[in-house]
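Down below is the structure, laid out as structure tokens.
Fair warning: this is a prediction, and the values are worked out from it, not measured in the lab. Every heavy atom of this structure was used, including side-chain atoms; hydrogens, water molecules and symmetry mates were not. For this chain, numbers begin at 1 and follow the sequence in order.
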Amino acid sequence: MNEILGLVALACGIIVGLGAIGASIGIALMGGKFLESSARQPELMNQLQTKMFILAGLIDAAFLIGVAIALLFAFGNPFVATLLANLPK
């Protein structure tokens with residue numbers, strides 16, 4: 001049972017870690033492109049900024065969904081119930 005809980009903890013760390021790396025890279029690329037485009041056409045800066053904040057929220061939402069799934073596995077682990085049901089009595 002400790003092995004399963006350890007593997008679930010490892011999986012939760014991987015889910016959160018890769019999600020954080022992906023969200024960080026995505027927001028960094030988007031921010032860089034925003035700065036490039038606003039430098040080229042400063043008159044469109046307000047429209048681009050609105051779209052950038054909407055996209056940043058969507059990128060963060062995808063990361064937070066991954067965190068929620070990791071928390072589901074960490075605290076409401078469905079694998080432990082299967083393990084306990086199959087233990088010899």
Side-chain angles (χ1 to χ4, degrees):
M1 178 152 163
N2 288 334
E3 292 177 11
I4 290 179
L5 292 177
L7 290 175
V8 167
L10 183 65
C12 291
I14 291 172
I15 290 171
V16 172
L18 290 179
I21 290 171
S24 299
I25 291 171
I27 289 178
L29 290 174
M30 182 186 58
K33 296 297 181 179
F34 167 71
L35 290 175
E36 287 178 13
S37 61
S38 64
R40 288 182 185 181
Q41 294 182 335
E43 66 274 2
L44 294 177
M45 190 170 183
N46 290 333
Q47 295 173 357
L48 293 172
Q49 186 176 15
T50 303
K51 292 177 184 177
M52 184 193 73
F53 283 132
I54 290 171
L55 287 174
L58 291 173
I59 292 170
D60 282 340
F63 167 65
L64 290 177
I65 289 170
V67 170
I69 291 171
L71 287 173
L72 172 73
F73 284 137
F75 294 110
N77 195 346
F79 302 118
V80 173
T82 306
L83 178 70
L84 292 176
N86 292 329
L87 284 177
K89 295 180 182 182

(message) Within this structure, what is the CD1-CG distance for the pair I15 and L10, rounded to the nearest 0.5 Å?
(response) 10.0 Å
(message) Once side-chain contact (heavy atoms from CB on, under 4.5 Å) is applied, do any residues pair with I21, and if so which ones, sequence neighbours excluded?
(response) I25
(message) Hydrophobic clustering (ILVMFWY, side-chain heavy atoms < 4.5 Å, transitive) - are F53 and L58 grouped together?
(response) yes
(request) Please go through F75's hydrophobic cluster and name the other residues, only I, L, V, M, F, W, Y counting, with side-chain heavy atoms under 4.5 Å joining them. (result) V16, F63, L64, V67, L71
(request) Please write out which residues are connected to L7 in a hydrophobic cluster, directly or through intermediates, given that two of Ile, Leu, Val, Met, Phe, Trp, Tyr count as joined at side-chain heavy-atom separations below 4.5 angstrom. (result) none
(request) Could you list the residues that satisfy side-chain contact (heavy atoms from CB on, under 4.5 Å) with L18, not counting sequence neighbours? (result) I14
Side chains of residues 26-43: which donor-acceptor partners sit under 3.5 Å, not counting sequence neighbours?
{"unit_1": "S37", "atom_1": "OG", "unit_2": "K33", "atom_2": "O", "d": "3.1"}
{"unit_1": "S37", "atom_1": "OG", "unit_2": "F34", "atom_2": "O", "d": "3.0"}
{"unit_1": "S38", "atom_1": "OG", "unit_2": "F34", "atom_2": "O", "d": "3.0"}
{"unit_1": "S38", "atom_1": "OG", "unit_2": "L35", "atom_2": "O", "d": "3.1"}

(request) Determine the minimum heavy-atom distance between C12 and A70, stating which atoms define it. (result) SG-O, 3.1 Å
